[in-house]
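Everything below concerns the one structure shown next.
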There are 2 protein chains.
Amino acid sequence: MAKIDDVARLAGVSKGTVSNVFSQKRPTSPKVTERVLRVSRELNYVPNHTARSLVTKKTMAIGLTIPHGNFFFSAFHNQFINGVILEASTYGYRVLLDMIAVEEVKTPSLASYPIDGAIVLGPTKEDRRIQLLHQNQIPFVTVGKIMNQGIEDVSTVNNNNDKIIHDICNYLISKGHRNIMFLNAGQQMTVSIVRTEAFIHALEAHQIELRPHMIHYKPLIYSEEYMRYGYDETYNTLANLEEKVTAIISDDDRTAFSAMNALKDLGYCVPEDISLFVICGDLSMMHQVTPSLTGMDLQPSELGVQSVKLLMHKLSVLEGEFTNHWIVDSKIVERDSCSSV
Amino acid sequence: MAKIDDVARLAGVSKGTVSNVFSQKRPTSPKVTERVLRVSRELNYVPNHTARSLVTKKTMAIGLTIPHGNFFFSAFHNQFINGVILEASTYGYRVLLDMIAVEEVKTPSLASYPIDGAIVLGPTKEDRRIQLLHQNQIPFVTVGKIMNQGIEDVSTVNNNNDKIIHDICNYLISKGHRNIMFLNAGQQMTVSIVRTEAFIHALEAHQIELRPHMIHYKPLIYSEEYMRYGYDETYNTLANLEEKVTAIISDDDRTAFSAMNALKDLGYCVPEDISLFVICGDLSMMHQVTPSLTGMDLQPSELGVQSVKLLMHKLSVLEGEFTNHWIVDSKIVERDSCSSV
DNA sequence: CTGAAAGCGCTTACAG
DNA sequence: CTGAAAGCGCTTACAG
């Protein structure tokens, strides 16, 4: 590979000038620019990214840290990542996919992360990734609330999960449902904790007693059990319960499908016998299935975009005012899976 | 951030020695090792990845190039990426998500890609990404066959798409189907071209005439139209056709759902009136829906793993023999969506 | 097993 | 607008 010296020599200019032609940080005369560019093309020269990084102290990459061991992309993640990549490329940034274990203590990494900042997906209570990032002084934003981290003023982008659960519960309760089963996300995730609290409050507000069968949590690790979560929890609790559950709130579309399968085996029809509400799923796919599924539009792509924007502010790539906590709007999308009792 | 000089000075050793205790490329005495490690911990020192890269000429990252503009992860991609990340981390490699436009000519990138090698997903005919990679002398492997590139001896990992289509056709034809509609992937993708050829051969082998309504291609760009592909093609062709299509082969699960929705609107039941076969979908989800969907197990995660292994061979991080063309096995998973006519 | 020194390929004050 | 030189923070022959 040709290097800057080769180009400089052949174009009869200094390295600094070649550098300027490519970085455009200082003006270069048209003649020189043209000559440098021509020589570069002949030599197939492109500035070495690593050498540049070493002096600018910027890698032009952001890390997307995904929970290790629980790595499974849902439609939500897809769209989120889509937003992240598109927005990041706007600023010339690339995206490094990173799995850092949420809990287990491994040997410290043998070198620094070659990233300028990070986006943390699905934070958990006492999330180790956040400690690591903080300790290595890497600017980051979390997608979701953080808890028990002992770190001040963490930047977050999030949906209003409290409001989301209230909206869903009010929606279902207004349809006459009082025995609602909630298939929540993983217990250690902060989003689950927020949702559970909101769920309990919503029930209280309508004088509905909270019962043990009402709240369930997704297994932590991606596994056979994880895939069967919706089926198993639905089948086991409905089959062994005296009273009749009339509505299910499902964390995602996969869980919903899985739950529907259990309902079928139990002889229940959706929405005639039981209503089903999906919090975070692929709206397009939910529209296509029968019955089409009522759910929440969380705007995952927008979450991705805003995460990048906020991170860019922290990296001073983006100038101007910004808020450390950005909320992305959400709204109910009514389809055919919820009915009145 | 502490640098190697700080550690060297405080530990009373040379920079080279500090370097050795971290890289472990040359032995260091226990006492020195311990002292260096202790000082490093005190100073919170970690070797600078970029500086190391500059001299070793390795970024320890591989690029995963995803078609730009058509970026939409399916379950297949999810599992593929999962395999890639897991396997790459085995060798200390990270994964950089990269979108390079397949066709449009953009201004050349302002710096080299900070990757040691690349994996190209979903190659198209005359794929620009492959030209770019080749031109920049970045080792790469494609997942899928390449065509019209004028490049010798490209490494590929792939399913045997020819065999897959033959297996599917034989399966359906053995059940008495003779009017089969094929909802293929995007027309410019090499996989689609291979599939179409195999489809035509399979029909010929059974003296079935190929008709215009039989083969359809997914829109190139992720769009509203893209999401409606399965519905629109199914609805429009079945509604306007005299003869009766009795089986549909669908590229992926999303398309299948979408097609089923059209079938419902047309008053057809699966599999009573029409059979449905999914080539590449989320087997677990396909198992959960009603009717459960018959399809192919393409082992996407294994494709990811093998792509990385092959790339590692090309980068000489993996020693020993290897073949430039690796085929991952596939097999039919029978469920409830195909019946005999 | 350890050290001194050169060098990886750029960018960036500084000077003109 | 351009150049000469120092320096980014490591690794790696070379020498001992």
Side-chain angles (χ1 to χ4, degrees), chain A residues 1-37 39-40 43-61 92 109-116 136-138, chain B residues 1-37 39-40 43-61 92 109-116 136-138:
Chain A
M1 289 264 80
K3 51 189 69 166
I4 199 168
D5 301 81
D6 303 326
V7 176
R9 203 176 328 108
L10 254 124
V13 295
S14 72
K15 304 197 299 180
T17 299
V18 176
S19 176
N20 291 328
V21 168
F22 280 94
S23 71
Q24 304 195 343
K25 290 192 180 173
R26 297 194 310 184
T28 45
S29 70
K31 297 147 199 168
V32 168
T33 306
E34 192 273 334
R35 201 160 73 234
V36 167
L37 252 21
V39 172
S40 298
L43 298 180
N44 206 10
Y45 169 76
V46 165
N48 180 297
H49 184 272
T50 304
R52 177 182 281 178
S53 285
L54 183 57
V55 17
T56 60
K57 299 191 184 311
K58 288 184 178 179
T59 64
M60 298 307 282
S109 63
L110 267 35
S112 64
Y113 284 131
I115 53 176
D116 297 338
N136 290 314
Q137 301 179 42
I138 297 174
Chain B
M1 289 264 83
K3 49 189 72 167
I4 199 169
D5 301 81
D6 302 328
V7 176
R9 202 176 330 108
L10 254 123
V13 295
S14 71
K15 304 196 299 181
T17 299
V18 176
S19 175
N20 289 329
V21 340
F22 279 95
S23 72
Q24 304 195 344
K25 290 193 179 170
R26 297 194 310 187
T28 45
S29 70
K31 297 148 201 166
V32 168
T33 305
E34 193 272 333
R35 202 160 72 235
V36 167
L37 253 22
V39 171
S40 299
L43 298 180
N44 205 13
Y45 170 75
V46 166
N48 180 300
H49 183 271
T50 304
R52 177 182 282 177
S53 285
L54 183 57
V55 17
T56 60
K57 299 190 184 309
K58 289 184 178 179
T59 64
M60 298 307 281
S109 62
L110 269 33
S112 64
Y113 284 131
I115 53 176
D116 297 339
N136 289 314
Q137 302 179 44
I138 297 174

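Every chain is numbered from 1, with letters handed out A, B, ... down the list of sequences.
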For DNA chain C, the dot-bracket pattern of Watson-Crick and G-U pairs whose distances stay under 3.5 Å, | for other-strand partners:
|||.||||||||.|||

Walking DNA chain C from its 5' end, the first of B/Thr28 and A/Ala2 to be reached, judged by nearest nucleotide, is B/Thr28

Pairwise 5' ranking along DNA chain D for B/Val55 and A/Asn20, keeping only the more 5' one:
A/Asn20

Looking at A/Val13, A/Val18, A/Asn20, which hits side chain to side chain contact (heavy atoms under 4.5 Å, CB included) with A/Thr28?
A/Asn20

B/Ser14 has a side chain; which of C/dC1, D/dT12, C/dG3 sits nearest to it?
C/dG3

Check: B/Arg52 side chain, C/dG7 base, donor-acceptor under 3.5 Å
no

Heavy atoms only, 4.0 Å cut-off, all strands: where does B/Val18 land among base, sugar-phosphate and nothing?
nothing

Return the nearest nucleotide to the side chain of A/Pro47; candidates are D/dT2, C/dT12, C/dC10.
C/dC10

Out of C/dG9, D/dT12, D/dT2, which nucleotide sits closest to the side chain of B/Lys25?
D/dT12

Between A/Arg52 and A/Val55, is there a side-chain heavy-atom distance shorter than 4.5 Å?
no

A side-chain contact here means heavy atoms from C-beta on lying under 4.5 Å apart; do A/Asn48 and A/Lys3 qualify?
no

Flag the pair B/Tyr45 / B/Ile4 as yes when at least one side-chain heavy-atom distance between them is below 4.5 Å, and no otherwise.
yes

Look at all strands and tell whether A/Lys15 reaches a base, only sugar-phosphate, or nothing, counting heavy atoms closer than 4.0 Å.
base

Kindly say if A/Thr50 contacts the phosphate of C/dC8, meaning a side-chain N or O under 4.0 Å from OP1 or OP2.
no

